[in-house]
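Source: prediction; values computed, not measured. Letters A, B, ... mirror the listed sequences (proteins, then strands); counts begin at 1.
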Amino acid sequence: MKFSSQRVLHRVPVVLPVLMLVLLMFAPFAQAGVFNPKTTTLSNGMQVVLVENHRAPVVTHMVWYKAGAADEIPGTSGIAHFLEHLMFKGTKTIAPGEFSKIVARNGGQDNAFTTWDYTAYFQNIARDRLGMVMEMEADRMQNLQLSDKVVLPERDVIIEERRMRTDNNPSALLGEQMRNALFMQHPYGRPIIGWLHEMQQLTTQDAMDWYKKWYTPNNAILVVAGDITMDELKPMAEKYYGSIPAHDVPKRVRVKEPTQHAPRKVTLTDARVGQPSMSRYYLAPSYNTENADQAPPLEVFSEILGSGTTSRLYKSLVVDQKLATTAGSFYDPVAMDLSTFGFYAVPRDGVQMADLEAALDDEIAKTLKDGITQKELDEARQRLLDSAVFARDSLSGAARTLGEALAVGLTVDQVESWPDRINAVTLDQVNAAARAVLDDKRSVTGWLLRPKGAKGPGMPTAPVTGEMETH
Amino acid sequence: MAFSLKNTSRQFAFGLVALVAIAGFDVGSAKAVEVQEVVSKGGIKAWLIEDHLNPLLTIDFAFKGAGAATDPDGKLGRANMVSGLIDEGAGDMDSQTFRGLMENKSISLAYDAGRDDFTGSLVTLTRERPTAINLLKLSLTSPRFDDEAVERIRSQIVAGLKQEETDPGSMAQRAFFKSVFGEHPYARPVEGTFETVNGLKVADLRDFVKRSLARDNLVIGVAGDISAKELGPLLDEAFGGLPEKSRLPEIPAVTPKFGGDVKVISQDNPQSQAIWGQKGIARKDKDFYAAYVMNYILGGGGFSSRLTEEVREKRGLAYGVYSYLANLDQADFMMGGVATRNDAIGKSLSVIRDEWQKMQKDGITQDELDNAKSYLTGAFPLRFTSLGNLSGMLVGMQTEDLGIDFLDKRNDYVNAVSLQDVNRVASELMDPDHVTAIVVGKPEGKLTF
């Protein structure tokens, strides 16, 4: 259950640019009773999860809504993320932009993020201010006020966000195209931030419609981690959230992928590409789909094939054959619908992309044909189990792992029993799951290339001058 | 797997970054965090925060003054290349054996080179402590630099250089350092150039290790599941084999040059990315905290900052805009950044310039000061929620010479700042006429700061 920050869109870069580079990566959990959370449900149906951690007198307070970009009505892509921004634009009692300032004045930090499956808001703050942030979060769960005056400038902000994250970055553009090719029918093929032309058309009404549809306590999960007990938390949660009336939310209807019959290939050639690279995505099960029992074996398989510098891929492509500077795999089975299993590789100087891809294919084919070994299985399982201890070290890591799992429809028990499932994985299961999933007909391969004749490495970049250049 | 820990502690791995991050450590009145000074039998000193919540240990360390600024002419990127290779095989273990042991025991060991310092970070389960300490020791005292590993890491560095060559953020940073530091070593890229990286020899790497990694320039921060008594012998085991004295070139002090110009690097992007800088203030200056509070209000405070309010909230010009105080060992400066669509970058820069001028002329209000103090002091305990943060902080406190009682005193420093202090410092420090800006993109119209 690894996650990567690639699919998380934060509302604002963390104050310093250097910190933006520090990816939030969450170690997968492991070992019986991973976080040992306490849970309850409020009278209006809002789920409550607590992870106690008394290292410092602080708490992480998170509210997760079970609505994300994959729930958007076609034509309004980006509205889930846009509303996330607009949740900071005020209520009857809190002026636009004041929410974050109040949190800061109280020594706290706040932010929010959106994915295909959920939208979450959090504050990290001293424990004695928890009631205060709960009151404000509960207020904006029911009293959001929007007008064109605040909505339209913020629409410009999300468009700049798209330019920064995607349009300015050829590698991100290729990733967007590849996902869209991988999911032929499912909305996971839609960018979370939205398609530019649709973002430009989003209105205040679209935002209010989205808010009224999904933002209600019975569609939300409260996750708190830190220096507090359930005896202290429960009455506060009842007081601030328990009093909010619930309303029905629509069933999240997600279309299914049709049978896929042909491998797809996406090539992006851009003068802004300095270093070419390639990747491949396969449709894969998640813990919520058909063949969910393949998920734990696939986690183990990804660990063996492509995690770290002694994995099969790295050893073969990078160390032995010297075709790549780096290579690896990724798989995250936490999703409402289908997940992806993927590979990436960066060619060494002078290596043709086709040769690199052929070598990758050979290594995958060889692994599928001969299978993995018992020793590889034992070592990978141990590494995954160890990661639970690392996961426990961080407040926000625990809160995010649990929040994400619940938001996509998993249970606390499924999180807590993850080590047992990893422990039970057998050699046959790993080999069978890998053979079932790594089917080219359900894949997209992406190449990121420099244009032919572009200046090669080692050539000087555009000169720094005091003049505007016009080419 | 220890991604979260490893990455957190790596915030401290770069010279520049370390200081920025330290400036952000906000010490509060929260539960006391006890910092112990541990000196081993062999005379190795470390600062320790004991924490037995999880069976985990993090050790962060820095070799002061051993960063990329010491790279000889023609051998740029040497410290950086060593940082990539020093954990790629050591003693009688080749790279695959060494890293296989690391990975199978869930031990994370990583090195990094900043402009000023060469840093390292170890994260291990208590169970694997002996193996982890042995790997740490071997990497420091008998790295192998086998041909296979050298060529592989070289290929990774070259790939990184190629990517940076067209990445707007990297392009802007490189041009900025080149512009303001001229002939000083700080002007040069930490990762080197294609030519120098391709020319580096194993003898160069060995020479770096021999001269740079020693006990007299080493500082260590430890956090986690270990007592002071247990730690002593581990320090001797891990670091005792290092030579006593380093032999490092002296890096001259430098005053970065801010001419007040806007330089454009043309790239066909829909958005222009700008960074800018001006003179700064030393970490040890009596006015540092006044400047720090001022910067929080100007552009350091996320959604609470004036720059965010004017550029993003009111006008929707950018997703993010920020400023910060930067301190290197031999130079201090102030920096900022923004990214705006090409036809509006000029507008963004002009709005930012107005804020620069306003801060210089009118300073801040009592209300802003009070809000800044309550944030800066109250957010302190938020830094104490993971071991990687703690050990990294202990290293920063030592490299910056902040004192072992810094965590207790930090809030007093912030609280002592007065309105008069901030306004006086703002009028002296803020210098809208001498800001150097670099813009990467296809900006429309004439740009000025």
Residue A/Leu152 versus chain B: region with a heavy atom under 4.5 Å: neither
For chain A, the option from B/Gly100, B/Ala159, B/Pro168 that forms the most heavy-atom pairs under 4.5 Å: B/Ala159
Ionic contact status for A/Glu154 with B/Arg312, cut-off 4.0 Å: yes
Electrostatic pair B/Arg127-A/Asp386, nearest N-O below 4.0 angstrom: yes
Closest-packed option against chain A by number of heavy-atom pairs under 4.5 Å, given B/Arg152, B/Gln156, B/Lys314, B/Gln163: B/Arg152
Chi angles and distances behind the side-chain hydrogen bond (donor to acceptor under 3.5 Å, both in side chains) call for A/Thr309, B/Glu103: CA-CA 8 Å; A/Thr309 55; B/Glu103 289 174 12; 2.7 Å; yes
Atom group of A/Asn169 that falls short of 4.5 Å from chain B, counting heavy atoms: neither
Chain B contact via A/Val58 - which portion, at a heavy-atom distance below 4.5 Å: side chain
Residue part contacting chain B, namely of A/Lys322, when any heavy atom lies under 4.5 Å: side chain
Least distance between heavy atoms, A/Arg163 atom then B/Arg341 atom: NH1-CB, 3.4 Å
Residue pair A/Arg162, B/Tyr319: steps toward the side-chain hydrogen bond (donor to acceptor under 3.5 Å, both in side chains) verdict: CA-CA 9 Å; A/Arg162 187 191 151 87; B/Tyr319 175 60; over 6 Å; no
Ion pair check, A/Arg55 and B/Asp51, cut-off under 4.0 Å: yes
From CA spacing to verdict: salt bridge (charged side-chain N to carboxylate O under 4.0 Å, His left out), B/Glu309, A/Lys101: CA-CA 11 Å; B/Glu309 181 70 26; A/Lys101 287 174 192 155; 2.7 Å; yes
Pick from B/Ile275, B/Leu125, B/Asp261 with the largest number of heavy-atom pairs that fall under 4.5 Å of chain A: B/Leu125
Structural part of A/Arg105 lying under 4.5 Å from a heavy atom of chain B: both
Per-residue contact mode, A/Val150 against chain B (heavy atom under 4.5 angstrom): neither
Candidate pair A/Tyr314 and B/Arg99, rule side-chain hydrogen bond (donor to acceptor under 3.5 Å, both in side chains), full reasoning: CA-CA 12 Å; A/Tyr314 190 96; B/Arg99 298 200 66 88; over 6 Å; no
Atom group of A/Ala380 that falls short of 4.5 Å from chain B, counting heavy atoms: neither
Under 4.5 Å from any heavy atom of chain B - which part of A/Lys89: side chain
